[in-house]
Amino acid sequence: MILEKGGFLFTKAIVRAPAANFAEGLTTVDMGVPDFDLAIEQHARYCQALAECGLALTALDVDPRHPDSTFVEDTAILTERGAILTRPGAASRLGEVEAMRDAILSFFPSPCTIEPPGTVDGGDICEAGEHFFLGISERTNEEGARQLAAHLARMGYTSSTFDVRTVKGILHLKSGISYIGDNTLVGMAELASDPQFRDYSVLRVSAEESYAANCVRVNHRVLVAAGFPRITAELRARGFDPLVLEMSEFRKMDGGLSCLSLRF
Ligand code: CIR
């Protein structure tokens with residue numbers, strides 16, 4: 001496996017542990033109420049995994065004013081060439097951006113912003129080297145994607161949009177497809193067959209393993225959710241090095257592996 005320059009030599013990550021009222025956050029799935037103690041345990045293991053991959057972590061203060069605030073990925077897009085603070089599409093999450101602004105200022109002194117009526121959730125933004133796929137979803141609207149595309153273009157990146165609203169069962173673009181480096185995507189069949197992904201090698205997840213489409217390349221490892229043996233074996237067979245993590249409690253709140261951190 002070739003470790004690419006540009007994108008996957010991360011040294012830092014921002015995380016935030018779930019607040020005690022985490023179960024009061026938004027969800028579209030019917031998988032029961034998350035167990036808070038187990039969520040804390042899974043989050044701690046997730047942080048330990050990032051540290052094992054060589055990342056130094058910044059942990060934001062727990063924020064019970066925002067029950068979804070453990071899903072830090074949605075509040076910013078961090079690239080090698082600059083940062084964009086988002087404007088989350090759920091009203092209850094708008095206030096999460098302020099703490100993220102404070103946290104990134106020492107690393108990214110002049111982040112761009114998304115202005116009303118634009119909305120963008122970081123979970124809809126899939127960085128694939130020089131190109132970004134921007135999901136249009138219930139959270140990211142066309143205006144948000146337009147503003148983001150302009151910011152990215154100024155940084156020298158290209159982008160294209162993908163409407164995920166017709167794909168059943170996914171909240172964000174990255175719930176259904178992930179870029180793991182080496183020109184490779186992992187994706188649900190409904191997305192993987194789209195012509196805009198034709199120049200990539202695509203590892204397809206089966207319908208039963210669709211939750212595992214949200215995996216995360218972190219330096220030499222690929223974080224994969226536990227319980228999905230087929231895609232984990234396939235990753236291994238292709239020369240990737242999966243690091244398997246339990247995500248059951250975050251899944252109940254529509255969260256995947258990528259949303260629990262911002263890596264840069
Ligand atoms: C929400 O509905 O906003 C949270 N409960 C889950 C957000 C997951 N974020 C992500 O996948 N990037």
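The residues of the chain are indexed from 1 along the displayed sequence.
Looking at heavy atoms from C-beta onward, Leu171 lies out of side-chain contact with Ser137 at the 4.5 angstrom threshold. Residues Leu235 and Leu203 meet the side-chain proximity criterion, which asks for heavy atoms closer than 4.5 Å. In this structure, the side chains of Pro67 and Met253 stay at 4.5 Å or more apart for every pair of heavy atoms. Counting heavy atoms from C-beta on, the side chains of Leu148 and Ile125 come closer than 4.5 Å. Residues Cys112 and Leu85 form no side-chain contact, since every pair of their non-hydrogen atoms from C-beta on lies 4.5 Å or further apart. Residues Lys252 and Val33 have side chains not in contact (no heavy-atom distance under 4.5 Å, counting atoms from C-beta outward). Between Cys215 and Leu223, every side-chain heavy-atom pair lies at or beyond the 4.5 Å cut-off.
Judged by distance alone, with hydrogens and angles left aside, the side-chain atoms of Asp68 form a donor-acceptor pair with the main-chain N or O of Leu26 at under 3.5 Å. Distance alone, capped at 3.5 Å, places no donor-acceptor pair between the His43 side chain and the Thr70 backbone. Side chain of Asn141 to main chain of Thr119: a donor-acceptor pair is present (N/O by atom type, distance under 3.5 Å, no hydrogens or angles). The backbone N or O of Ala149 lies less than 3.5 Å from no partner atom in the side chain of Arg154, so there is not a single donor-acceptor pair. Counting only distance, with no hydrogens or angles, the side chain of Asn219 and the backbone of Cys53 share a donor-acceptor pair below 3.5 Å. In terms of modelled atom types and a separation under 3.5 Å, the side chain of Thr140 and the main chain of Val120 share no donor-acceptor contact. Counting only distance, with no hydrogens or angles, the side chain of His151 and the backbone of Thr113 share a donor-acceptor pair below 3.5 Å.
In this structure, NZ in Lys168 is found 11.5 Å from OG in Ser210, a value given to the nearest 0.5 Å. Taken from CG in Leu134 to CD in Gln147, the straight-line distance is 12.0 Å, to the nearest 0.5 Å.
Among all heavy-atom pairs drawn from Pro88 and Leu94, the shortest one is O-CD2, 3.4 Å. In terms of heavy-atom proximity, Asn21 sits nearest to Pro64 at ND2-O, 2.8 Å.
Cation-pi geometry between Arg251 and Tyr211 is met: the NZ or CZ atom falls under 6.0 Å from the ring centre, inside 45° of the normal.
Ring planes of Phe71 and Phe22: tilted class, angle from 30 to 60°. The aromatic rings of Phe133 and Phe197 stand perpendicular to each other, their planes meeting at an angle above 60°, with 30° marking the opposite boundary. Below 30°, between 30° and 60°, or above 60°: for Tyr157 and Phe132 the angle between ring planes is above 60°, a perpendicular geometry.
Tested against Arg217 for a side-chain contact (heavy atoms from CB on, under 4.5 Å), the candidates Phe240, Phe10, Tyr179 yield a single pass: Phe240.
Salt-bridge annotation for Glu73 and Lys174: present, with a side-chain N of the basic residue lying under 4.0 Å from a carboxylate O of the acidic one. The pair Arg87-Asp121 does not meet the salt-bridge criterion, since no charged nitrogen lies less than 4.0 angstrom from a carboxylate oxygen. Under 4.0 Å is where a charged nitrogen must lie from a carboxylate oxygen, and between Glu130 and Arg81 at least one such pair does. Salt-bridge formation is detected for the pair Glu208/Arg230: a Lys NZ or Arg NE/NH1/NH2 atom is positioned less than 4.0 Å from an Asp or Glu carboxylate oxygen. A salt bridge links Arg93 and Asp74; the closest N-O separation between the charged side-chain nitrogens and carboxylate oxygens is under 4.0 Å.
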Problem set entry | Stepwise side chain to side chain contact (heavy atoms under 4.5 Å, CB included) test for Ser92 and His66 | CA-CA 7 Å; Ser92 63; His66 299 103; over 6 Å; no
Problem set entry | Val222 and Val216: CA distance, side-chain angles, deciding distance, side chain to side chain contact (heavy atoms under 4.5 Å, CB included) verdict | CA-CA 5 Å; Val222 179; Val216 188; over 6 Å; no
Problem set entry | Stepwise side chain to side chain donor-acceptor pair (under 3.5 Å) test for Ser178 and Asn214 | CA-CA 6 Å; Ser178 308; Asn214 182 264; 4.6 Å; no
For this session: Take Gln42 and Leu245 through the side chain to side chain contact (heavy atoms under 4.5 Å, CB included) test and state the conclusion after the steps.
Result: CA-CA 8 Å; Gln42 291 178 351; Leu245 292 169; over 6 Å; no
For this session: Check step by step if side chain to side chain contact (heavy atoms under 4.5 Å, CB included) holds for Val202 and Thr184.
Result: CA-CA 6 Å; Val202 185; Thr184 305; over 6 Å; no
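Between the side chains of Tyr46 and Ser261, at least one donor-acceptor pair of N or O atoms lies under 3.5 Å. No donor-acceptor contact under 3.5 angstrom links the side chains of Ser69 and Asp63, judged on distance only. For the residue pair Ser160/His131, the side-chain donor-acceptor check at 3.5 Å is satisfied. In summary, the side chains of Glu234 and Thr232 do not present any donor paired with an acceptor at a separation below 3.5 Å, with no hydrogens or angles considered.
Taking hydrophobic clusters as Ile, Leu, Val, Met, Phe, Trp and Tyr residues chained together by side-chain heavy-atom distances below 4.5 Å, Leu60 shares a cluster with Leu262.
More than 12 heavy atoms of other residues, nucleotides or ligands shown are found within 6.0 angstrom of CD on Gln196. Summarising the local packing, CG of Asp61 is surrounded by 12 or fewer heavy atoms from other residues, nucleotides or ligands at distances under 6.0 Å. For Glu190, the CD atom sits in a packed shell: over 12 heavy atoms of surrounding residues, nucleotides or ligands are nearer than 6.0 Å.
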